[in-house]
Amino acid sequence: MTIIAIKNIGTLVSGDIKKPISSSNTIIIEDGKIAKLGNEELLKQYQCDKVIDAKGITVTPGLIDSHVHPVIGDFTPRQNTLGFIDSSLHGGVTTMISAGECHTPGRPKDVAGTKALAILAHKSFQNMRPGGVKLHGGALILEKGLTEKDFEELAREGVWLVGEIGLGSINKPEDAAPMVEWAKKHGFKTMMHTGGTSIPGSTTVTAADVMQVNPHVVSHLNGGPTAIPIEEVKKLIDETSITLEMVQCGNFKVFKQAIEWLKEKNQLDRVILGNDSPSGTGIIPLGILRSVCFIASMTGVSAEEALCMATGNTARVYGLNVGIIEEGREADLVLMDAPMGSVGKNCIQALEAGDLPGISMVIIDGKLVATKSRNTPPPAIKAVVC
Ligand SMILES: [Zn+2]
(Lines give C-alpha, C1' and ligand atoms only; values in the text may rest on other atoms or scores of the structure.)
Protein backbone atom coordinates (compact mmCIF):
# COMPACT_ATOMS: atom_id res chain seq x y z
CA MET A 1 0.00 0.00 0.00
CA THR A 2 1.26 3.49 -0.87
CA ILE A 3 0.37 6.27 1.55
CA ILE A 4 0.81 9.94 0.69
CA ALA A 5 0.01 12.90 2.92
CA ILE A 6 -0.55 16.53 2.04
CA LYS A 7 -0.11 18.81 5.04
CA ASN A 8 -0.19 22.56 5.70
CA ILE A 9 -3.08 23.24 3.35
CA GLY A 10 -4.03 26.93 3.62
CA THR A 11 -7.46 26.68 1.96
CA LEU A 12 -9.10 23.38 1.09
CA VAL A 13 -11.82 23.77 -1.56
CA SER A 14 -14.08 20.72 -1.16
CA GLY A 15 -15.75 20.71 -4.58
CA ASP A 16 -19.16 20.50 -2.88
CA ILE A 17 -20.95 23.75 -3.66
CA LYS A 18 -23.21 23.34 -0.59
CA LYS A 19 -20.10 23.57 1.60
CA PRO A 20 -17.26 24.76 -0.64
CA ILE A 21 -14.55 25.23 2.01
CA SER A 22 -13.40 22.34 4.20
CA SER A 23 -11.90 23.02 7.64
CA SER A 24 -9.30 20.24 7.16
CA ASN A 25 -5.67 21.08 6.47
CA THR A 26 -4.30 17.58 5.93
CA ILE A 27 -5.22 14.87 3.41
CA ILE A 28 -4.16 11.22 3.59
CA ILE A 29 -4.16 9.31 0.29
CA GLU A 30 -4.03 5.50 0.25
CA ASP A 31 -3.45 3.72 -3.05
CA GLY A 32 -4.74 6.61 -5.10
CA LYS A 33 -7.89 7.26 -3.09
CA ILE A 34 -8.59 9.87 -0.42
CA ALA A 35 -8.50 7.94 2.84
CA LYS A 36 -8.79 10.60 5.55
CA LEU A 37 -9.20 14.34 6.03
CA GLY A 38 -8.23 16.15 9.20
CA ASN A 39 -5.35 18.03 10.79
CA GLU A 40 -1.64 17.33 11.11
CA GLU A 41 -2.27 14.90 13.99
CA LEU A 42 -3.21 12.41 11.25
CA LEU A 43 0.45 12.10 10.25
CA LYS A 44 1.12 10.24 13.52
CA GLN A 45 -1.43 7.56 12.61
CA TYR A 46 -0.02 6.75 9.17
CA GLN A 47 3.35 5.48 7.92
CA CYS A 48 3.61 7.81 4.94
CA ASP A 49 5.69 7.00 1.86
CA LYS A 50 5.64 10.65 0.83
CA VAL A 51 4.63 13.90 2.53
CA ILE A 52 3.83 17.00 0.51
CA ASP A 53 4.06 20.30 2.36
CA ALA A 54 1.48 22.62 0.77
CA LYS A 55 3.16 25.58 2.54
CA GLY A 56 -0.23 27.20 3.20
CA ILE A 57 -1.46 27.36 -0.40
CA THR A 58 -4.84 26.24 -1.77
CA VAL A 59 -5.82 22.67 -2.66
CA THR A 60 -8.81 21.99 -4.93
CA PRO A 61 -10.17 18.87 -6.63
CA GLY A 62 -8.74 18.34 -10.13
CA LEU A 63 -10.74 20.41 -12.59
CA ILE A 64 -13.22 18.75 -14.96
CA ASP A 65 -13.69 19.99 -18.51
CA SER A 66 -17.27 18.97 -19.34
CA HIS A 67 -17.01 19.69 -23.06
CA VAL A 68 -14.13 18.54 -25.20
CA HIS A 69 -14.03 17.34 -28.81
CA PRO A 70 -11.19 14.80 -28.97
CA VAL A 71 -10.47 12.29 -31.72
CA ILE A 72 -8.05 9.50 -30.79
CA GLY A 73 -4.87 10.04 -28.81
CA ASP A 74 -3.60 13.48 -27.91
CA PHE A 75 -4.19 14.98 -31.35
CA THR A 76 -6.78 17.32 -32.83
CA PRO A 77 -7.24 17.60 -36.58
CA ARG A 78 -9.45 20.66 -35.96
CA GLN A 79 -6.36 22.76 -35.27
CA ASN A 80 -3.72 20.25 -36.45
CA THR A 81 -2.23 20.17 -32.99
CA LEU A 82 -0.58 17.52 -30.86
CA GLY A 83 -0.61 17.49 -27.06
CA PHE A 84 -3.70 19.59 -26.30
CA ILE A 85 -4.86 17.24 -23.54
CA ASP A 86 -1.48 17.29 -21.81
CA SER A 87 -1.52 21.10 -22.11
CA SER A 88 -4.85 21.21 -20.27
CA LEU A 89 -3.38 19.13 -17.46
CA HIS A 90 -1.03 22.07 -16.99
CA GLY A 91 -4.17 24.19 -16.54
CA GLY A 92 -5.36 21.96 -13.69
CA VAL A 93 -7.69 19.70 -15.73
CA THR A 94 -7.59 16.06 -14.61
CA THR A 95 -10.87 14.83 -16.16
CA MET A 96 -12.43 15.56 -19.54
CA ILE A 97 -15.81 14.57 -20.92
CA SER A 98 -16.19 14.12 -24.65
CA ALA A 99 -19.10 15.93 -26.26
CA GLY A 100 -18.58 13.90 -29.44
CA GLU A 101 -15.63 12.89 -31.64
CA CYS A 102 -17.06 15.01 -34.44
CA HIS A 103 -13.68 16.12 -35.80
CA THR A 104 -12.59 12.60 -36.72
CA PRO A 105 -11.32 12.76 -40.30
CA GLY A 106 -13.88 11.18 -42.61
CA ARG A 107 -16.27 10.63 -39.70
CA PRO A 108 -18.70 7.86 -40.68
CA LYS A 109 -22.32 8.99 -40.60
CA ASP A 110 -24.11 5.66 -41.01
CA VAL A 111 -25.42 3.64 -38.05
CA ALA A 112 -22.61 1.06 -38.02
CA GLY A 113 -19.97 3.76 -38.42
CA THR A 114 -21.21 6.11 -35.70
CA LYS A 115 -21.47 3.16 -33.29
CA ALA A 116 -18.01 1.91 -34.21
CA LEU A 117 -16.52 5.35 -33.63
CA ALA A 118 -18.13 5.62 -30.17
CA ILE A 119 -16.84 2.19 -29.15
CA LEU A 120 -13.36 2.85 -30.54
CA ALA A 121 -12.99 6.25 -28.84
CA HIS A 122 -14.38 4.94 -25.55
CA LYS A 123 -12.03 1.97 -25.40
CA SER A 124 -9.04 3.85 -26.75
CA PHE A 125 -9.19 6.51 -24.03
CA GLN A 126 -9.79 3.85 -21.39
CA ASN A 127 -6.50 2.25 -22.38
CA MET A 128 -4.54 5.48 -22.77
CA ARG A 129 -4.63 8.62 -20.65
CA PRO A 130 -2.75 11.50 -22.28
CA GLY A 131 -0.69 13.16 -19.55
CA GLY A 132 -2.66 11.09 -17.03
CA VAL A 133 -5.91 12.94 -17.80
CA LYS A 134 -9.05 10.81 -17.42
CA LEU A 135 -10.74 11.50 -20.73
CA HIS A 136 -14.18 9.91 -21.01
CA GLY A 137 -14.36 9.40 -24.77
CA GLY A 138 -16.80 7.73 -27.09
CA ALA A 139 -19.78 10.08 -27.07
CA LEU A 140 -22.22 8.65 -29.58
CA ILE A 141 -23.23 11.05 -32.34
CA LEU A 142 -26.93 10.54 -33.07
CA GLU A 143 -27.59 9.59 -36.68
CA LYS A 144 -30.80 8.58 -38.44
CA GLY A 145 -31.55 4.88 -38.25
CA LEU A 146 -30.31 4.17 -34.71
CA THR A 147 -32.69 1.88 -32.82
CA GLU A 148 -33.09 1.01 -29.14
CA LYS A 149 -31.14 -2.20 -29.77
CA ASP A 150 -28.13 -0.10 -30.80
CA PHE A 151 -28.13 1.74 -27.45
CA GLU A 152 -28.42 -1.58 -25.67
CA GLU A 153 -25.46 -2.96 -27.60
CA LEU A 154 -23.35 0.17 -27.04
CA ALA A 155 -24.09 0.12 -23.30
CA ARG A 156 -22.86 -3.49 -23.19
CA GLU A 157 -19.58 -2.29 -24.73
CA GLY A 158 -19.23 0.37 -22.01
CA VAL A 159 -20.32 3.42 -24.02
CA TRP A 160 -22.30 5.76 -21.73
CA LEU A 161 -22.27 9.19 -23.35
CA VAL A 162 -24.38 10.69 -26.11
CA GLY A 163 -22.44 13.55 -27.73
CA GLU A 164 -24.15 16.89 -28.10
CA ILE A 165 -27.33 16.35 -30.04
CA GLY A 166 -27.33 18.34 -33.27
CA LEU A 167 -23.88 17.22 -34.45
CA GLY A 168 -25.30 14.38 -36.53
CA SER A 169 -28.29 13.88 -38.79
CA ILE A 170 -30.69 13.73 -35.82
CA ASN A 171 -31.41 17.42 -35.46
CA LYS A 172 -35.17 17.68 -35.12
CA PRO A 173 -36.49 17.47 -31.55
CA GLU A 174 -39.17 14.95 -32.54
CA ASP A 175 -36.44 12.61 -33.84
CA ALA A 176 -34.07 13.21 -30.91
CA ALA A 177 -36.59 12.80 -28.06
CA PRO A 178 -37.21 9.04 -28.49
CA MET A 179 -33.47 8.35 -28.85
CA VAL A 180 -32.76 10.28 -25.65
CA GLU A 181 -35.37 8.12 -23.92
CA TRP A 182 -33.66 4.94 -25.14
CA ALA A 183 -30.30 6.37 -24.11
CA LYS A 184 -31.54 7.21 -20.61
CA LYS A 185 -33.13 3.78 -20.27
CA HIS A 186 -29.75 2.17 -20.98
CA GLY A 187 -27.81 4.37 -18.56
CA PHE A 188 -26.38 6.99 -20.93
CA LYS A 189 -25.82 10.64 -20.06
CA THR A 190 -27.08 12.95 -22.79
CA MET A 191 -26.24 16.51 -23.81
CA MET A 192 -27.68 18.81 -26.43
CA HIS A 193 -26.07 21.56 -28.47
CA THR A 194 -27.86 24.85 -27.79
CA GLY A 195 -27.71 28.06 -29.81
CA GLY A 196 -26.73 28.96 -33.34
CA THR A 197 -25.03 26.68 -35.79
CA SER A 198 -21.41 26.07 -34.81
CA ILE A 199 -20.02 24.46 -37.94
CA PRO A 200 -21.51 23.87 -41.38
CA GLY A 201 -23.80 20.88 -41.15
CA SER A 202 -24.92 21.38 -37.55
CA THR A 203 -28.17 23.10 -36.68
CA THR A 204 -29.62 25.94 -34.63
CA VAL A 205 -31.21 24.66 -31.42
CA THR A 206 -33.72 26.71 -29.43
CA ALA A 207 -34.97 26.53 -25.82
CA ALA A 208 -38.20 24.88 -26.97
CA ASP A 209 -36.20 22.17 -28.79
CA VAL A 210 -34.17 21.47 -25.64
CA MET A 211 -37.32 21.26 -23.51
CA GLN A 212 -38.90 18.81 -25.94
CA VAL A 213 -35.82 16.55 -25.97
CA ASN A 214 -35.05 16.87 -22.22
CA PRO A 215 -31.35 15.91 -22.14
CA HIS A 216 -29.34 15.69 -18.91
CA VAL A 217 -27.21 18.69 -19.91
CA VAL A 218 -27.80 21.85 -21.93
CA SER A 219 -24.47 22.13 -23.74
CA HIS A 220 -23.06 25.67 -23.78
CA LEU A 221 -26.06 27.65 -22.55
CA ASN A 222 -23.91 30.68 -23.47
CA GLY A 223 -23.49 29.58 -27.06
CA GLY A 224 -21.15 27.36 -28.93
CA PRO A 225 -20.17 29.98 -29.97
CA THR A 226 -23.50 31.71 -30.83
CA ALA A 227 -25.93 31.99 -27.92
CA ILE A 228 -29.71 31.69 -27.98
CA PRO A 229 -31.57 34.97 -27.23
CA ILE A 230 -31.37 35.97 -23.57
CA GLU A 231 -35.16 35.43 -23.06
CA GLU A 232 -34.65 31.79 -24.08
CA VAL A 233 -31.75 31.46 -21.64
CA LYS A 234 -34.11 32.73 -18.92
CA LYS A 235 -36.76 30.23 -20.01
CA LEU A 236 -34.35 27.31 -19.65
CA ILE A 237 -33.29 28.57 -16.23
CA ASP A 238 -36.84 29.22 -14.95
CA GLU A 239 -38.84 26.45 -16.58
CA THR A 240 -36.51 23.44 -16.40
CA SER A 241 -34.18 21.82 -13.88
CA ILE A 242 -31.71 20.68 -16.56
CA THR A 243 -27.98 21.05 -15.87
CA LEU A 244 -26.61 24.16 -17.56
CA GLU A 245 -23.13 24.18 -19.06
CA MET A 246 -21.16 27.38 -19.63
CA VAL A 247 -18.20 27.31 -21.98
CA GLN A 248 -15.08 29.38 -22.51
CA CYS A 249 -15.58 29.35 -26.30
CA GLY A 250 -18.96 31.08 -26.01
CA ASN A 251 -20.74 34.39 -25.43
CA PHE A 252 -19.48 36.17 -22.28
CA LYS A 253 -22.40 38.58 -22.00
CA VAL A 254 -24.84 35.66 -21.74
CA PHE A 255 -22.38 33.78 -19.48
CA LYS A 256 -22.41 36.63 -16.94
CA GLN A 257 -26.17 37.18 -17.04
CA ALA A 258 -26.98 33.48 -16.67
CA ILE A 259 -24.69 33.08 -13.65
CA GLU A 260 -26.20 36.18 -12.01
CA TRP A 261 -29.74 34.84 -12.49
CA LEU A 262 -28.79 31.41 -11.14
CA LYS A 263 -27.11 33.03 -8.12
CA GLU A 264 -30.31 34.99 -7.40
CA LYS A 265 -32.32 31.77 -7.59
CA ASN A 266 -29.79 29.94 -5.40
CA GLN A 267 -29.30 27.34 -8.17
CA LEU A 268 -25.55 27.49 -8.74
CA ASP A 269 -25.43 23.72 -8.31
CA ARG A 270 -26.91 23.48 -11.85
CA VAL A 271 -23.81 25.01 -13.48
CA ILE A 272 -20.96 23.00 -14.98
CA LEU A 273 -17.99 24.36 -16.94
CA GLY A 274 -16.52 23.23 -20.24
CA ASN A 275 -14.21 24.64 -22.85
CA ASP A 276 -15.86 23.44 -26.12
CA SER A 277 -12.37 22.98 -27.47
CA PRO A 278 -10.58 22.07 -29.70
CA SER A 279 -12.89 24.15 -31.85
CA GLY A 280 -12.79 27.08 -34.21
CA THR A 281 -11.88 29.27 -31.23
CA GLY A 282 -8.82 27.11 -30.73
CA ILE A 283 -7.20 25.22 -27.90
CA ILE A 284 -7.31 26.88 -24.48
CA PRO A 285 -5.22 24.99 -21.91
CA LEU A 286 -6.23 27.46 -19.19
CA GLY A 287 -9.86 27.64 -20.32
CA ILE A 288 -11.49 26.07 -17.27
CA LEU A 289 -9.42 28.24 -14.93
CA ARG A 290 -10.34 31.26 -17.06
CA SER A 291 -14.06 30.48 -16.73
CA VAL A 292 -13.69 30.04 -12.95
CA CYS A 293 -11.82 33.35 -12.84
CA PHE A 294 -14.45 35.09 -14.98
CA ILE A 295 -17.25 33.95 -12.65
CA ALA A 296 -15.28 34.80 -9.48
CA SER A 297 -14.25 38.26 -10.66
CA MET A 298 -17.29 39.42 -12.66
CA THR A 299 -20.49 37.99 -11.16
CA GLY A 300 -20.31 38.27 -7.36
CA VAL A 301 -20.07 34.49 -6.98
CA SER A 302 -17.20 33.45 -4.69
CA ALA A 303 -14.09 31.81 -6.17
CA GLU A 304 -14.67 28.68 -4.09
CA GLU A 305 -18.21 28.32 -5.46
CA ALA A 306 -16.94 28.87 -9.00
CA LEU A 307 -14.32 26.14 -8.45
CA CYS A 308 -17.11 23.76 -7.35
CA MET A 309 -18.85 24.35 -10.71
CA ALA A 310 -15.73 22.97 -12.41
CA THR A 311 -15.41 20.00 -10.05
CA GLY A 312 -18.13 18.61 -7.76
CA ASN A 313 -21.09 19.82 -9.84
CA THR A 314 -19.81 18.04 -12.96
CA ALA A 315 -18.89 14.89 -11.06
CA ARG A 316 -22.42 14.73 -9.61
CA VAL A 317 -24.13 15.16 -12.99
CA TYR A 318 -21.96 12.58 -14.75
CA GLY A 319 -21.68 10.17 -11.81
CA LEU A 320 -17.88 10.34 -11.55
CA ASN A 321 -15.96 9.40 -8.39
CA VAL A 322 -13.79 12.54 -8.62
CA GLY A 323 -14.49 16.28 -8.16
CA ILE A 324 -15.03 16.28 -4.40
CA ILE A 325 -12.38 15.97 -1.73
CA GLU A 326 -13.90 13.37 0.54
CA GLU A 327 -13.02 9.90 1.76
CA GLY A 328 -13.28 7.22 -0.93
CA ARG A 329 -12.94 9.52 -3.94
CA GLU A 330 -10.09 9.25 -6.44
CA ALA A 331 -7.27 11.53 -5.29
CA ASP A 332 -7.16 14.03 -8.17
CA LEU A 333 -5.96 17.34 -6.76
CA VAL A 334 -4.52 20.70 -7.78
CA LEU A 335 -2.27 22.77 -5.51
CA MET A 336 -2.28 26.44 -6.47
CA ASP A 337 -1.55 29.89 -5.14
CA ALA A 338 -1.84 33.51 -6.24
CA PRO A 339 0.50 34.11 -9.17
CA MET A 340 3.62 36.13 -8.46
CA GLY A 341 2.77 39.83 -8.63
CA SER A 342 -1.00 39.47 -8.08
CA VAL A 343 -2.88 41.87 -5.81
CA GLY A 344 -4.49 38.69 -4.38
CA LYS A 345 -2.73 37.16 -1.39
CA ASN A 346 -3.87 33.60 -2.15
CA CYS A 347 -5.54 31.58 -4.92
CA ILE A 348 -9.06 32.62 -3.90
CA GLN A 349 -8.24 36.33 -3.70
CA ALA A 350 -6.35 36.20 -7.00
CA LEU A 351 -9.31 34.60 -8.80
CA GLU A 352 -11.70 37.18 -7.36
CA ALA A 353 -9.30 39.93 -8.48
CA GLY A 354 -9.40 38.50 -12.02
CA ASP A 355 -5.94 36.92 -11.99
CA LEU A 356 -5.32 33.30 -12.97
CA PRO A 357 -3.63 31.39 -10.15
CA GLY A 358 -0.25 29.73 -10.48
CA ILE A 359 -0.35 25.94 -10.36
CA SER A 360 2.28 24.34 -8.15
CA MET A 361 1.32 20.65 -8.42
CA VAL A 362 -1.24 18.43 -10.11
CA ILE A 363 -2.00 15.01 -8.64
CA ILE A 364 -3.98 12.21 -10.33
CA ASP A 365 -4.86 9.04 -8.41
CA GLY A 366 -2.38 10.09 -5.74
CA LYS A 367 0.48 10.43 -8.26
CA LEU A 368 2.28 13.70 -8.89
CA VAL A 369 1.79 14.27 -12.62
CA ALA A 370 2.93 17.89 -12.83
CA THR A 371 5.23 19.68 -10.41
CA LYS A 372 5.47 22.91 -12.33
CA SER A 373 2.80 24.15 -14.71
CA ARG A 374 4.20 25.12 -18.08
CA ASN A 375 1.06 27.17 -18.78
CA THR A 376 0.14 29.20 -15.67
CA PRO A 377 2.34 31.93 -14.25
CA PRO A 378 4.49 30.73 -11.34
CA PRO A 379 2.72 30.57 -7.95
CA ALA A 380 3.91 33.04 -5.29
CA ILE A 381 4.44 30.08 -2.94
CA LYS A 382 5.29 26.56 -4.13
CA ALA A 383 4.37 23.31 -2.42
CA VAL A 384 7.30 20.96 -1.80
CA VAL A 385 7.83 17.23 -1.37
CA CYS A 386 9.41 16.76 2.09
ZN1 LIG B 1 -21.98 22.55 -29.57
Side-chain angles (χ1 to χ4, degrees), residues 64-71 76-79 84 88 96-104 107 109 114 117-118 121 135-143 161-173 175-177 179-180 183 188-229 232-233 236 240 242-255 258 270-284 287-288 291 310 314 317-318:
I64 306 174
D65 182 343
S66 66
H67 195 130
V68 59
H69 288 296
V71 176
T76 171
R78 190 74 172 84
Q79 297 298 342
F84 75 97
S88 292
M96 289 177 161
I97 296 165
S98 174
E101 287 77 22
C102 49
H103 302 147
T104 304
R107 172 170 72 84
K109 296 177 178 167
T114 197
L117 177 59
L135 196 155
H136 297 281
L140 178 70
I141 296 174
L142 296 188
E143 302 285 4
L161 290 166
V162 168
E164 46 178 333
I165 297 157
L167 290 174
S169 55
I170 293 294
N171 49 34
K172 293 200 183 76
D175 296 333
M179 286 193 188
V180 164
F188 284 71
K189 299 290 182 186
T190 58
M191 57 192 100
M192 186 161 175
H193 175 95
T194 311
T197 303
S198 58
I199 48 171
S202 62
T203 37
T204 298
V205 178
T206 66
D209 294 341
V210 174
M211 287 158 83
Q212 190 177 343
V213 174
N214 194 28
H216 293 91
V217 174
V218 172
S219 292
H220 45 60
L221 181 65
N222 65 322
T226 314
I228 49 178
E232 297 211 15
V233 170
L236 285 171
T240 78
I242 307 176
T243 296
L244 306 167
E245 179 189 68
M246 306 292 171
V247 300
Q248 181 62 205
C249 299
N251 175 321
F252 285 103
K253 187 171 180 177
V254 172
F255 193 158
R270 289 174 68 190
V271 180
I272 63 173
L273 302 180
N275 257 354
D276 199 356
S277 163
S279 59
T281 311
I283 293 160
I284 312 175
I288 299 299
S291 291
T314 323
V317 171
Y318 283 98

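In listed order, ligands and their atoms are each counted from 1.
Here Glu101 pairs with Ser98 under the side-chain hydrogen bond (donor to acceptor under 3.5 Å, both in side chains) rule; sequence neighbours left out.
His220 contributes NE2 as its N, O or S atom closest to the Zn ion (ligand 1). With respect to the Zn ion (ligand 1), His193 has ND1 as its nearest N, O or S atom. Minimum-distance N/O/S atom of Glu164 relative to the Zn ion (ligand 1): OE1.
How far CG of Asn275 is from OG of Ser88: 6.5 Å, rounded to the nearest 0.5 Å.
Asp209 places a side-chain N or O within donor-acceptor distance of the main-chain N or O of Thr206, the cut-off being under 3.5 Å.
Ion pairing between Glu143 and Arg107 holds under the 4.0 Å rule for side-chain N and carboxylate O.
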